[in-house]
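Contents: one structure, followed by commentary.
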Number of protein chains: 2
Amino acid sequence: MPPRPRTTARKRPSQKRSQETVVAIVDATARVLKRDGYDHMSTNKVALAAGVSIGSLYQYFPSKEALVAALMERHFDEIRALFEEEAQRLAGVPLEVAVRAIIKRTIEAHQIDPILHQALEQVPRIGLLQKFDDVQERGRTLVHQYLLVSHESLRPKDLEIAADLIASLIEMVSHGAVLRHPNRLKDGVLVDETVDLILRYLKK
Amino acid sequence: MPPRPRTTARKRPSQKRSQETVVAIVDATARVLKRDGYDHMSTNKVALAAGVSIGSLYQYFPSKEALVAALMERHFDEIRALFEEEAQRLAGVPLEVAVRAIIKRTIEAHQIDPILHQALEQVPRIGLLQKFDDVQERGRTLVHQYLLVSHESLRPKDLEIAADLIASLIEMVSHGAVLRHPNRLKDGVLVDETVDLILRYLKK
DNA sequence: AGAAAATGTGAGCGATAGCTCGCATACTAG
DNA sequence: CTAGTATGCGAGCTATCGCTCACATTTTCT
């Protein structure tokens with residue numbers, strides 16, 4: 001490890017060929033990260049797995065950190081898209097429907113690539129690698145906003161705390177279900193139970 | 001990195017002097033881990049920080065992994081002690097009191113050394129480094145056992161799922177409170193809300 | 001006291017890390 | 001076709017890694 005890892009961007013690909021290279025590198029980053037974990041992943045291994053020379057890799061990614069940051073970006077953009085799309089539909093919808101929808105989306109988000117999600121979770125939260133917490137933060141504010149709209153019909157006074165509780169809970173449940181108990185998603189029991197839990201808490 | 005990291009134990013210290021050395025090494029492991037994170041932590045840095053030669057370090061710890069495993073052991077033993085002690089007192093106690101007590105203990109556990117806790121969270125879950133999940137697993141079964149005893153007065157049918165929900169929730173709340181919103185612990189609002197949430201869910 | 005056991009030391013080995021740079025090849029524009 | 005630009009290559013640099021081993025020092029035992 002020479003002096004300091006760089007995190008600034010490099011050249012960006014303008015031709016189709018190089019854009020494919022970049023995609024191949026990010027794909028390979030995902031494979032190697034899932035296989036070896038962050039600290040046993042190396043830029044050389046990623047280049048090899050991508051079928052690309054180490055020099056090419058460094059044309060587009062200035063550091064190991066940048067590789068994983070790009071991968072995170074892609075993964076979380078996919079997840080974020082799910083939510084922002086749903087957020088549209090939620091305005092004015094009754095509480096139970098909204099809660100159920102958010103839970104469903106969160107589970108879907110975790111099902112996109114559970115192994116990758118788990119691997120990303122264990123990446124050190126330094127420098128560019130903080131998107132993980134960003135996404136959860138975004139989830140919290142989304143829930144908070146929804147609650148604010150219908151605050152008259154809700155029991156809890158501090159809706160910021162309530163939103164935190166609910167968002168955290170949904171995240172945890174989805175995470176645990178997809179990674180540890182996928183069978184609990186066959187029937188809807190777990191989801192029903194979670195909806196129940198949240199509604200009992202929110203309703204007057 | 002030579003062939004394979006070893007994880008078996010080495011010599012154990014019999015004299016007082018060497019026991020102090022071992023403690024100094026584990027202390028230093030905590031400091032370096034908190035400062036640099038797992039992947040930038042190195043055995044040489046730890047030896048330096050402990051004021052001990054690298055040779056001495058390897059007399060007692062066969063690998064970097066073993067260092068962190070020992071640190072985890074110590075940290076989680078402290079946490080586990082908190083809970084096992086409390087578990088005694090909980091038999092026969094009314095639900096609200098029990099829930100409140102568990103939450104209080106969990107928060108205390110997170111307050112022991114929040115930064116260390118956070119650093120340990122981001123350590124790769126491989127080989128010996130799985131105690132983190134072990135502790136949470138233990139928490140889940142503890143809650144499950146408590147619920148089983150008073151199952152007649154509880155609403156949820158599947159108490160395993162209920163225990164999972166509750167244990168996960170308490171973990172998340174405590175974690176978030178200590179690390180992101182320490183001020184929410186001044187007054188008891190957050191704790192009250194969480195107790196409320198759980199009781200509404202459990203009660204018939 | 002002195003011998004044996006326990007403990008401590010740190011130079012340095014081989015492996016691997018992240019990363020650069022000079023050069024070859026492929027594409028684009030005139 | 002040709003000149004210029006974009007892309008791709010990989011040997012190899014330096015720093016650091018995890019770790020060993022021959023040796024020095026301290027403690028324990030008789």
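A note on names: the letters A, B, ... follow the listed sequences, proteins ahead of strands, and every chain is numbered from 1. Just so it is clear, the values below take in all heavy atoms, side chains as well, and ignore hydrogens, waters and symmetry mates.
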Please determine if [X] and [Y] form a salt bridge, counting it only when a charged side-chain N lies under 4.0 Å from a carboxylate O.
| X | Y | answer |
| --- | --- | --- |
| Glu193(A) | Arg184(A) | no |
| Asp134(B) | Arg138(B) | no |
| Arg140(B) | Glu171(B) | no |
| Arg80(A) | Asp77(A) | yes |
| Glu20(B) | Arg17(B) | no |
| Glu121(A) | Arg125(B) | no |

If the cut-off is 4.0 Å, is [X] near the phosphate of [N], judged by side-chain N/O to OP1 or OP2?
| X | N | value |
| --- | --- | --- |
| Ser53(B) | dT9(C) | yes |
| Thr21(B) | dG8(C) | yes |
| Ser18(A) | dA6(D) | no |
| Thr43(A) | dG18(C) | yes |

When you measure from the side chain of Tyr60(B), which nucleotide among dG18(D), dT7(D), dT7(C) comes out closest?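 Given the options dG18(D), dT7(D), dT7(C), the side chain of Tyr60(B) is closest to dT7(C).
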Apply the salt bridge (Lys or Arg N to Asp or Glu O under 4.0 Å) test between Lys131(A) and each candidate in Glu137(A), Glu78(A), Glu73(A); give the one that qualifies.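 For Lys131(A), the salt bridge (Lys or Arg N to Asp or Glu O under 4.0 Å) check succeeds only for Glu73(A).
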First of Gly51(B) and Ser42(A) reached from the 5' end of DNA chain C, by closest nucleotide: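 Here Gly51(B) is the residue nearer the 5' end.
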Is the shortest heavy-atom distance from the side chain of Leu120(B) to the side chain of Leu33(B) under 4.5 Å?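 A side-chain contact under 4.5 Å exists here.
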Distance check needed: [N] [atom2] versus [X] [atom1], whole Å only.
| X | N | atom1 | atom2 | result |
| --- | --- | --- | --- | --- |
| Tyr58(B) | dC23(D) | OH | P | 22 Å |
| His40(B) | dG18(C) | NE2 | C1' | 10 Å |
| Lys16(A) | dT5(D) | NZ | P | 23 Å |
| Gln19(B) | dT26(D) | CD | P | 19 Å |
| Leu67(A) | dG18(C) | CG | P | 9 Å |
| Lys45(A) | dG10(D) | NZ | P | 20 Å |
| Gln59(B) | dG18(D) | CD | P | 18 Å |
| Leu57(B) | dC21(D) | CG | P | 16 Å |

So Ser56(B), base contact, sugar-phosphate only, or nothing? Heavy-atom distance under 4.0 Å.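 Base contact - Ser56(B) has a heavy atom under 4.0 Å of at least one base atom.
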Could you run through nucleotides 23-30 of chain C and give me one letter per nucleotide, 5' to 3': B if any protein heavy atom sits under 4.0 Å from the base, S if only the sugar-phosphate is that close, - if neither? ---SSS--
Polar atom pairs (N or O), protein with nucleotides 11-13 of chain D, under 3.5 Å:
none

Look at the aromatic rings of Phe132(A) and Phe76(A) and report parallel, tilted or perpendicular, splitting at 30° and 60°.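 Taking Phe76(A) first and then Phe132(A), their aromatic rings stand perpendicular (interplane angle over 60°).
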Please state whether the rings of His175(B) and His110(B) are parallel, tilted or perpendicular, taking 30° and 60° as the class boundaries.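 Ring orientation of His175(B) relative to His110(B): perpendicular.
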